[in-house]
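This report refers to the structure that appears directly beneath it.
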Amino acid sequence: MVAVTVLTALSVAAQEPVEVQALRRAFDEAYRLEDWDEAIEIGLDLVDLVPRSVEQYNLACVYALSGDARSALRWLERSAANGFYQLSQLESDADLDIVRDLPGYRGVRLRVARNLDHHQEILRKEAAATPPLIVVPKSRGEGGKRPLLVVLHGYGDHAARYLAVWGPAARRFGAILAVPSGAQRVGSGRGWGSVDQAGVIVQLTVEYVKERYDFDQDRVILAGFSQGGFMAMALALRYPDRFVGVISMAGPYVPEIDFPPPAGNDDPRYYFMVGSLDRLFKQVRQAATDFEEAGYETRLRVVPETPHDFPRAARMELGRALNFVLGD
């Protein structure tokens, strides 16, 4: 199932009608309890009210889990026809194992792959029109090559605000700072949408910097705040060989969806930061525990008397985080 509660709770859900929000919560609860008949009933009501591809995909998942593979395939076909493009989700989702041997599944996969190609092309054009904000320090730091620090802003926020927050800490380590903008317009700011969308933008950001500046490609750090912190964590789990370290600041975490696989030898280090007064405190603490138990080099920093916001002593706190993920 696509993590609707994680990917949209910080964005779309708050703007939806109360009836839709209630159905979504009920659907998630039925899914958690493995009450597939109830989940199907709620899911059918949900797709009537919100005929989006993600809702149709999730309905296909609960049909598959109930053992009704043909109904699951029909809803997958509707989801693909409606623009579903999360190919990696489709290919790896264990909910759909019962569907993959059906003759029509190959056609669904091809349609989703075409949707993804089309979506990535749109993102590339938008990214070219809105390049990342870059700060290049005068000092190259130790070893002669600069690290690259890519920072993902929070939901509805602006990339420019992050230059002032991260700039002093990045300069201290001689790191190039790159702050891209999310794929979706949210009021006057931006949001990241799905993990696939964020992944394309991060890839394009690294390519953009690589074309213009020399940096140590073995020392790329991915950081983010709030929705950006979730995206940083999710992308590093998906592409562990691309990053030396991850700094997730107040990023939401749902173990049922985001639980890390066992760590490998070259996985990045994870630095989790959260304020003691943050509404996501328990989630971030659980993330740090789960990542450590899975074998990752992990550090948790709880900033006293801090709500869902940047720490007051940002330069010091972010310097600690960079020091840990760079292994200095």
Side-chain angles (χ1 to χ4, degrees), residues 6-15 123 126-136 147-171 175-209 220-236 238-239 242-243 245-253 270-275 278-280 283-284 287 303 306-312 314-315 317-319 321-322 325:
V6 172
L7 297 183
T8 67
L10 298 177
S11 52
V12 177
Q15 305 170 26
L123 281 181
E126 291 180 351
T130 311
L133 302 180
I134 309 291
V135 176
V136 181
L148 172 61
L149 170 62
V150 179
V151 177
L152 309 181
H153 60 72
Y155 174 76
D157 215 337
H158 303 269
R161 193 164 80 95
Y162 288 67
L163 297 182
V165 174
W166 278 94
R171 284 195 298 272
I176 296 174
L177 173 62
V179 188
S181 294
Q184 296 182 340
R185 292 187 181 277
V186 181
S188 63
R190 310 288 291 194
W192 291 102
S194 72
V195 176
D196 285 319
Q197 288 175 312
V200 171
I201 293 174
V202 169
Q203 179 184 354
L204 293 173
T205 298
V206 174
E207 292 173 0
Y208 181 92
V209 178
V220 177
I221 305 134
L222 185 59
F225 172 73
S226 193
Q227 190 192 36
F230 162 74
M231 291 298 176
M233 177 177 58
L235 287 172
R238 187 175 292 187
Y239 308 110
R242 297 184 183 181
F243 310 105
V246 176
I247 303 170
S248 179
M249 301 173 61
Y253 172 71
Y270 287 83
Y271 192 97
F272 295 94
M273 184 186 302
V274 67
D278 196 316
R279 65 183 184 273
L280 297 176
Q283 291 186 32
V284 176
V303 185
T306 301
H308 191 70
D309 202 351
F310 299 117
R312 294 187 186 91
R315 179 176 181 177
E317 293 292 351
L318 300 180
L322 286 171
V325 296

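One is the number of the first residue; the rest follow in order along the sequence.
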By side chain to side chain contact (heavy atoms under 4.5 Å, CB included) - contacts of Val165 (at least two apart): Phe310, Ala314, Leu318
Could you tell me which residues satisfy side chain to side chain contact (heavy atoms under 4.5 Å, CB included) with His158, sequence neighbours excluded, listed by chain and number? Ser188
Quick one: list whatever passes ring pair (Phe, Tyr, Trp, His ring centres under 6.0 Å) with Tyr270, sequence neighbours left out. Phe291, Tyr296
Going by the salt bridge (Lys or Arg N to Asp or Glu O under 4.0 Å) test, which pairs reach into residues 196-205, not counting sequence neighbours? Asp196-Arg238
Closest contact, heavy atoms only, Ala178 versus Val209: CB-CG2, 4.0 Å
With heavy-atom distances below 4.5 Å as the criterion, would you say the side chains of Met249 and Tyr271 are in contact? no
Start with the C-alpha gap between Phe230 and Leu280, add the side-chain angles, then the distance that decides, and say whether side-chain contact (heavy atoms from CB on, under 4.5 Å) holds. CA-CA 11 Å; Phe230 162 74; Leu280 297 176; over 6 Å; no
For Pro131, side chain to side chain contact (heavy atoms under 4.5 Å, CB included) partners two or more places apart: Tyr208
Yes or no on side-chain contact (heavy atoms from CB on, under 4.5 Å) for Leu177 and Tyr162, after CA distance, side-chain angles and deciding distance? CA-CA 10 Å; Leu177 173 62; Tyr162 288 67; over 6 Å; no
Testing the basics here: between Val150 and Pro180, what is the closest heavy-atom pair and its distance to 0.1 Å? CG1-CD, 4.1 Å
Sort and list the pairs that fulfil salt bridge (Lys or Arg N to Asp or Glu O under 4.0 Å) and have at least one residue in residues 149-158, not counting sequence neighbours. Asp157-Arg161
When Met231 is tested against each of Val195, Leu222, Val202 for side-chain contact (heavy atoms from CB on, under 4.5 Å), which residue passes? Val195
Applying side-chain hydrogen bond (donor to acceptor under 3.5 Å, both in side chains), can you list everything that pairs with Gln283, at least two apart in sequence or on another chain? none
For Ala175 against Leu149, the heavy-atom pair lying closest together: CB-CB, 4.5 Å
OG1-CG distance between Thr205 and Leu152, expressed to the nearest 0.5 angstrom: 8.0 Å
Pair Trp166-Val179, side-chain contact (heavy atoms from CB on, under 4.5 Å): steps then yes or no: CA-CA 10 Å; Trp166 278 94; Val179 188; over 6 Å; no
Could you go through the side-chain contact (heavy atoms from CB on, under 4.5 Å) check for Arg190 and Arg185 one step at a time? CA-CA 5 Å; Arg190 310 288 291 194; Arg185 292 187 181 277; 3.0 Å; yes
Tightest non-hydrogen contact, residues Ile247 and Ala321, listed as CD1-CB, 3.7 Å
Which atom pair, heavy atoms only, marks the closest approach of Pro147 to Ile221? CB-CD1, 4.3 Å
Any sub-3.5 Å donor-acceptor pair from Gln227's side-chain atoms to Gly191's backbone N or O? no
Heavy-atom closest pair (Ala159 atom, Ser181 atom, distance to 0.1 Å) is CB-OG, 3.8 Å
Taken in chain and number order and not counting sequence neighbours, the residues that satisfy side chain to side chain contact (heavy atoms under 4.5 Å, CB included) with Ala250 are Phe225, Asp278, His308
Considering only heavy atoms from C-beta outward, does the side chain of Met273 approach that of Val303 to under 4.5 Å? yes
